[in-house]
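Taking it in order: structure first as structure tokens, then the write-up.
Predicted, not measured: the structure shown is a model, and the values here were computed from it. We count ligands from 1, going down the list as the structure has it; atoms in each ligand are counted the same way.
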Amino acid sequence: MKPEHFDYLVIGSGLAGLSFALQAQSHGRVGILTKAELAESNTSYAQGGIAAAVGESDSWQLHEEDTLVAGAGLCDREAVRFLVTQAPDAIEWLIHIGAQFDQMVGPEYFNQLALGREGGHSRSRIVHHADKTGWEIERAVTSAVRATDRITFFENAFVTELLMTDGRCVGASAVVGDLGTRTFSAKAVMLATGGCGRVYQHTTNPRIATGDGIALAHQVGAKIHQMEFMQFHPTTLSHPQMRNFLISEAVRGAGGILRNHLGTRFMYNYDSRLELAPRDIVARAIDAEMKRLDTWCVYLDVTHLSPEKISEEFPTITEQLAKVGILPHKDWIPVVPAQHYSCGGIITDLNGKTNVPGLYAAGEVACTGVHGANRLASNSLLEALVFAASAAEAVRSETTPSLDLPEPSQSHCISETDAVRIRRSLQIIMTDNVGIVRTDKALEEAGRRISELRAEYDSLPSSAFSAYSLETSNLLTTAHYVVSGARARRENVGLHYNLDLV
Ligand SMILES: Cc1cc2nc3c(=O)[nH]c(=O)nc-3n(C[C@H](O)[C@H](O)[C@H](O)COP(=O)(O)OP(=O)(O)OC[C@H]3O[C@@H](n4cnc5c(N)ncnc54)[C@H](O)[C@@H]3O)c2cc1C
């Protein structure tokens, strides 16, 4: 079967991939490969919003300062400056393509965005759509993609390999639905595969977040950096019938109070910023409090807020909690921390370029340097937008490679029964040894066990193609980067906290 040619090939249909596609289509034909349905992505689940200094008392300088403080000295200053100065235009672009954000109510506020406040931000600057901002953004970008014939998208297209000729990325191969393996060539390939939360037992990330982009990049020699900086969201629902549902930071921004089971507002013992301290500090405080009291959760209390305010500002959260019988105006919400966001990834420059010619990356899979050792809340959707836009401009200079596409190699899949067992073991190892609080011994143990699981995976007999199996292999590769990054990091900074370094 002949390869299909596009000017630009995009892998992934979250905000990074689709906003890149929408901007690159003005100067070339774009093909999108995405492994599930078009809208299935981390992006769709984002609740809080997008940070941008668009409020009257705000400035990009303040946004920059807050981002640098959260990043704990490890941000790339140039990348942060680029991010925060581009933010207002990025919001304008989203509004231009049809995204609707909450506005201030009243004639004196005509056309003024309502801005939320989240931990680590010195101003209210979170542009949002109630508590389902990601859903609204994904709705807007998928509608725009469907409306243009310059973009072709393939759903259920699982990318198995980046194709290289003479050291240049010239395309990708994918298993497309029932059609089998297909190859695609392009002047430039944009890798926008999102995060890797499924490497842990408990994560807010949906099932697509299996670190495929990290493994694909690893295979072609792209540089991967700072994977040890794994962000754990402090407050996800802890309920036997619904685990890991995110209770947005905005709930604490609106006045939510964290209590232990005795009713004590324990954040007084950990940080003067209380519930609005940066996420890593709140997550570590909850972890410490649960260990100190030997309990399985703490509680988020919003019972002092009016039922109307809660249901108006947090309709999705209210609806989901009702399903398990929790009424937030009456009941404390049981919460625990869970993996949420990967700050590290494939190293890119301001134009989304990786060290591999022809290969670009954007969104959660990339490491642009804006997050440093810790991501400031609501900077990730922004990062996806800003760097996808600059990449869409940069790819204009790529020329059609006069290179033949190589034959794709055969991916090694194992039986799903074995893959389930290996994936579960990996998730337990990562959760027990490479979580919020780490030790040298635990990290060494994790490294050893992951190598054993990799050897076992590679030695098992080949089975028919299974996306689940390849994802498991990709999770093993990703876990290797997280653990080796954590072992190499010899200081406690940002999200990396090792008791042996205290
Ligand atoms: C519950 C939740 C709440 C969040 N809230 C916020 C928030 O309020 N503000 C904020 O800034 N950030 C938030 N985040 C983080 C933010 O949503 C993500 O970082 C961001 O959406 C990532 O966008 P992306 O385009 O890089 O990846 P994604 O949106 O995850 O898209 C990745 C795409 O790649 C595809 N893909 C993956 N592997 C392959 C493969 N092998 N072949 C083909 N396709 C593949 C997937 O199917 C998917 O379409 C939240 C995340 C979660 C999970």
Side chain, backbone, both or neither: which part of N474 comes within less than 4.0 Å of ligand 1 when only heavy atoms are counted? neither

Side chain, backbone, both or neither: H340 near ligand 1, heavy atoms under 4.0 Å: side chain

Can you find an N or O of G363 that's nearer than 3.5 Å to an N or O of ligand 1? no

Between Y360 and F20 (judged by ring centroids, cut-off 6.0 Å), do the two rings come close enough to count as a pair? no

With heavy atoms and a 4.0 Å threshold, my read on which part of A377 contacts ligand 1 is neither

Starting from atom 37 (C) of ligand 1, what is the nearest protein heavy atom, named by residue and atom, and what distance separates them? T193 O, 3.4 Å

Going through the checks in order, is the side-chain hydrogen bond (donor to acceptor under 3.5 Å, both in side chains) test met by E161 and S411? CA-CA 8 Å; E161 190 182 1; S411 312; over 6 Å; no

Of the backbone atoms (N, CA, C, O) and the side-chain heavy atoms from C-beta on, which set of E37 has a member under 4.0 Å from an atom of ligand 1: side chain, backbone, both, or neither? neither

Would Q231 and H371 count as having a side-chain donor-acceptor pair, cut-off 3.5 Å? no

Side chains of Y457 and S469 only: does a donor on one sit below 3.5 Å from an acceptor on the other? yes

How far is atom 6 (C) of ligand 1 from its nearest protein heavy atom, and which residue and atom is that? A46 CB, 3.4 Å

With heavy-atom distances below 4.0 Å as the criterion, list the atoms of ligand 1 near T43. 17 (O), 20 (C), 21 (O), 23 (O), 25 (O), 28 (P), 29 (O)

Please list the nearest protein heavy atom to atom 19 (O) of ligand 1 with its residue and the distance rounded to 0.1 Å. E364 OE1, 2.7 Å

Any nitrogen or oxygen of L246, side chain or backbone, less than 3.5 Å from one on ligand 1? no

Contacting atoms of ligand 1, where contact means under 4.0 angstrom from a heavy atom of R375: 10 (C), 11 (O), 12 (N), 13 (C)

Counting both backbone and side chain atoms, is some N or O of E40 under 3.5 Å from an N or O of ligand 1? yes

Ligand 1 to Y341, heavy atom cutoff 4.0 Å, flagged ligand atoms 19 (O)

Would L15 count as a contact of ligand 1 if the rule is a heavy atom under 4.0 Å away? yes

For T67 and R375, what are the C-alpha separation, side-chain angles and deciding distance, and is it a side-chain hydrogen bond (donor to acceptor under 3.5 Å, both in side chains)? CA-CA 7 Å; T67 303; R375 172 188 72 126; over 6 Å; no

Would you say G48 has any N or O atom under 3.5 Å from an N or O of ligand 1, going by distance alone? yes

Relative to the ring of H129, is the ring of W135 parallel (under 30°), tilted (30 to 60°) or perpendicular (over 60°)? tilted

Which segment of A209 sits under 4.0 Å of ligand 1 when only heavy atoms are counted: neither

Atom 10 (C) of ligand 1: the protein heavy-atom neighbour that sits closest, reported with distance to 0.1 Å: S380 OG, 3.2 Å

Close-contact set for ligand 1 against A192 heavy atoms, below 4.0 Å: 32 (C), 33 (C), 34 (O)

Option from T183, T181, T160 for which side-chain hydrogen bond (donor to acceptor under 3.5 Å, both in side chains) with S173 holds: T160

To check your reading of the model: name the closest protein heavy atom to atom 38 (N) of ligand 1, its residue, and the distance in Å. D212 OD2, 3.2 Å

What do you reckon, is NE2 of H412 surrounded by more than 12 foreign heavy atoms closer than 6.0 Å? yes

Nearest non-hydrogen protein atom, atom 7 (C) of ligand 1: G49 O, 3.6 Å

Going by distance only, is there an N or O of A16 that falls short of 3.5 Å from an N or O of ligand 1? yes

The protein heavy atom nearest to atom 1 (C) of ligand 1 is Y45 O, 3.5 Å

Within the structure, is a non-hydrogen atom of G134 found at a distance of less than 4.0 Å from ligand 1? no

How far is atom 27 (O) of ligand 1 from its nearest protein heavy atom, and which residue and atom is that? G194 CA, 3.2 Å

Using atom types as modelled and distance alone, determine if a side-chain donor or acceptor of H121 lies under 3.5 Å from a backbone N or O of A377. yes

So for ligand 1, is V159 a polar contact partner (N or O within less than 3.5 Å, distance only)? yes

Hey, does the side chain of T34 reach the backbone of G12 with a donor-acceptor pair shorter than 3.5 angstrom? no

Specify side chain, backbone, both or neither for N42, according to which of its non-hydrogen atoms lie closer than 4.0 Å to ligand 1. both

When you measure from the side chain of T235 to the backbone of I247, do you find a donor-acceptor pair of N or O atoms at a distance under 3.5 Å? yes

Heavy atom of N205, distance to ligand 1 below 4.0 Å: yes

Between ligand 1 and Q231, can you find any atom pair, the residue atom being a heavy atom, that is separated by under 4.0 Å? no

